Amino acid sequence: MPDAAAATAATKKALVAELSCQFEAAGLPQPNDDARTLVCGLLNISLTDLVLDRGEPLNPAQTERVRSAAARRLRREPVHRILGSRSFFGLDLELSPETLEPRPDTETLVSAVLPFVRALAVERGRCRVLDIGTGSGAVCLALLAEVGSATGTGTDISREALGTARDNARRAGLSERFDTCEAAWFAGVEGVFDLIVSNPPYIPSGDIAGLEPEVRDFDPVIALDGGADGLDAYRAIAVGADVHLAPGGRVAVETGFSQHAAVTGIFEANRFPCIDGVKDLAGNDRVLIFAKPG
Ligand SMILES: C[S@@+](CC[C@H](N)C(=O)[O-])C[C@H]1O[C@@H](n2cnc3c(N)ncnc32)[C@H](O)[C@@H]1O
C-alpha cells in the first residue's frame, strides 16, 4: 500500500472509498457494494453506522484487517467467504470451504414451498422435510425457522458440510428439530417425509471452467458439477424419491434457468406430475414442484 493511501485511509469512509477504487480498477462488478459490505462486516457496524460515521480514526489493526480482506477480494474471493458468513432468509449462516455460499435465488425455493409446509403444520401438526445436498443447511433451516412444528433432515455427500449445517442449526436454535445424514442421494437415508427439497449441483461439467472465478475457484466443485448435461442429480432424486415421500407429498427442486423442460420430463417419467414452476426475482425459471398423488 503506498504511503499516501495509508496516511489517508484511516477512517471508515476513507477505507470504503479506497477499496471501492481498487475494486473498480480491477473490474469487479459491484465495487461500491463490496467495499461497504467488507468494511461494515469486518468492523461489525451497520450501514447506518457507516453513513453516520463522523470520521473517527480507525486503529492500525482495524485498517490492516480491512486491507488484507481487500487483497483477498482482489484475488476474486467472494465477500461473504471473506467474512465467513452470509444472510439467507433472515438467518445468519456460517460458511466453510466445503459449503456452497447460499444464493439469493435459492430463497425462491424456500418461498415456493413455505405455504405447503405451513399448511401441513396447521393440518397435521408437523411437516417432515428432507433437504438433499443441504450444504450450509440453508434451505432446511430457513423452513424450520419459519414453521415451528416442522422437522428436517439435511443430507450431503460432504461430511464437512454437514458439520457446518449442524453448527448453523445450533446458532439458529434449531438443533432439536434438525438432524443430518451423510448420504449420496438417498443411499442410507431412512424414513418417510412430507417434503423433499433440493438445490442440487446442476452445472454441466463442461461449463465449470468458464464460470466466474468467485464461483469456480471458491465454491466446492461437488456443489456445482451436475454431470455431463447438468441433470444427474435430478435423475437420482426422481428415481429415489417415491420410497421416501408420503402420499400427497411434494418434491421441490431448484434448477438452472434453462432446465425446466428437461427436469420436468425426468420427474414426469418417474410419475411425479409437475404442479408448479416458479421464477426467481430476475424473472428466470428457478424452481419446480412435483406432487406424489395422495
Ligand atoms: C448447489 S449445493 C446446495 C447447497 C445448499 N442446499 C444451498 O442451497 O445453499 C449442492 C450440495 O449437494 C451436495 N452433493 C453433491 N453431490 C451429492 C450427492 N451425490 N448426494 C448428496 N449430496 C450431494 C454438495 O456437497 C452440496 O452441498
Side-chain angles (χ1 to χ4, degrees), residues 1-88 91-107 135-138 158 160-161 163-165 167-168 171 201 203 207-225 282:
M1 178 60 52
D3 286 351
T8 55
T11 69
K12 299 179 184 90
K13 282 180 185 161
L15 273 183
V16 169
E18 178 186 319
L19 266 56
S20 186
C21 225
Q22 291 178 347
F23 295 166
E24 189 168 6
L28 299 186
Q30 296 173 317
N32 296 329
D33 286 356
D34 285 2
R36 276 193 297 265
T37 307
L38 274 179
V39 169
C40 288
L42 292 163
L43 301 179
N44 205 17
I45 58 169
S46 70
L47 210 49
T48 313
D49 295 335
L50 177 65
V51 171
L52 298 178
D53 182 58
R54 297 159 75 120
E56 290 99 46
L58 295 170
N59 66 43
Q62 290 173 312
T63 307
E64 170 51 27
R65 201 179 327 140
V66 172
R67 290 199 174 126
S68 330
R72 288 169 67 180
R73 182 69 193 107
L74 288 167
R75 292 193 291 272
R76 303 299 293 262
E77 186 167 350
V79 163
H80 291 285
R81 286 226 179 260
I82 297 169
L83 295 175
S85 68
R86 77 159 298 148
S87 161
F88 180 85
L91 295 175
D92 183 39
L93 297 176
E94 261 178 24
L95 306 175
S96 57
E98 297 79 15
T99 56
L100 183 96
E101 180 182 336
R103 307 293 205 273
D105 285 345
T106 304
E107 295 182 332
S136 61
S158 161
E160 293 75 18
T164 304
D167 287 346
N168 282 325
R171 280 154 56 93
I203 312 285
D207 292 355
I208 290 187
L211 295 173
E212 290 295 321
E214 282 82 352
V215 179
R216 183 194 62 216
D217 299 342
F218 293 95
D219 279 322
V221 72
I222 53 165
L224 304 173
D225 191 343

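Computed from a predicted structure; not experimentally measured. In what follows, residues are counted from 1 in the order of the sequence shown.
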Salt bridge check, [Y] against [X]: does any charged N sit closer than 4.0 Å to a carboxylate O?
| X | Y | result |
| --- | --- | --- |
| Arg171 | Asp92 | yes |
| Arg76 | Glu212 | yes |
| Asp34 | Arg73 | yes |

If you look at every heavy atom in [X] and [Y], which pair is closest and at what distance?
| X | Y | result |
| --- | --- | --- |
| Pro220 | Pro97 | CG-O, 3.5 Å |
| Ile208 | Arg216 | O-CG, 3.5 Å |
| Leu211 | Val215 | CD1-CG1, 3.9 Å |
| Leu38 | Ile82 | CD2-CG2, 4.0 Å |
| Ala10 | Ala14 | N-CB, 4.4 Å |
| Leu19 | Ala35 | CB-CB, 3.7 Å |

Find the distance between [atom1] ([X]) and [atom2] ([Y]) and round it off to the nearest 0.5 Å.
| X | Y | atom1 | atom2 | value |
| --- | --- | --- | --- | --- |
| Glu24 | Gln30 | CD | CD | 12.5 Å |
| Phe88 | His80 | CZ | NE2 | 13.0 Å |
| Leu52 | Ser46 | CG | OG | 8.0 Å |

Taken in chain and number order and not counting sequence neighbours, the residues that satisfy side-chain contact (heavy atoms from CB on, under 4.5 Å) with Asn44 are none
task: Would you sort out whether Thr164 and Glu160 count as a side chain to side chain contact (heavy atoms under 4.5 Å, CB included), showing the intermediate values?
output: CA-CA 7 Å; Thr164 304; Glu160 293 75 18; 5.8 Å; no
task: Give a yes or no on this: more than 12 heavy atoms of other residues, nucleotides or ligands lie within 6.0 Å of atom CD of Gln62.
output: yes
Student check: side-chain heavy atoms of [X] and [Y] closer than 4.5 Å:
| X | Y | value |
| --- | --- | --- |
| Val66 | Leu43 | yes |
| Asp219 | Glu214 | no |
| Pro104 | Arg86 | yes |
| Pro102 | Thr106 | no |
| Leu93 | Ser136 | yes |
| Leu47 | Thr37 | no |

For Leu100 and Leu224: C-alpha separation, side-chain torsions, deciding distance, then whether side chain to side chain contact (heavy atoms under 4.5 Å, CB included) applies. CA-CA 8 Å; Leu100 183 96; Leu224 304 173; 3.9 Å; yes
Test side chain to side chain contact (heavy atoms under 4.5 Å, CB included), reference Leu15, set Leu42, Leu50, Thr63, output is Thr63
Are any side-chain N or O atoms of [X] and backbone N or O atoms of [Y], one a donor and one an acceptor, separated by less than 3.5 Å?
| X | Y | answer |
| --- | --- | --- |
| Arg103 | Glu101 | yes |
| Arg81 | Phe218 | yes |
| Lys12 | Pro57 | no |
| Ser68 | Glu64 | yes |

Which pairs count as salt bridge (Lys or Arg N to Asp or Glu O under 4.0 Å) when at least one residue sits in residues 38-50, sequence neighbours excluded?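 Pairs touching residues 38-50 that pass the test: none.
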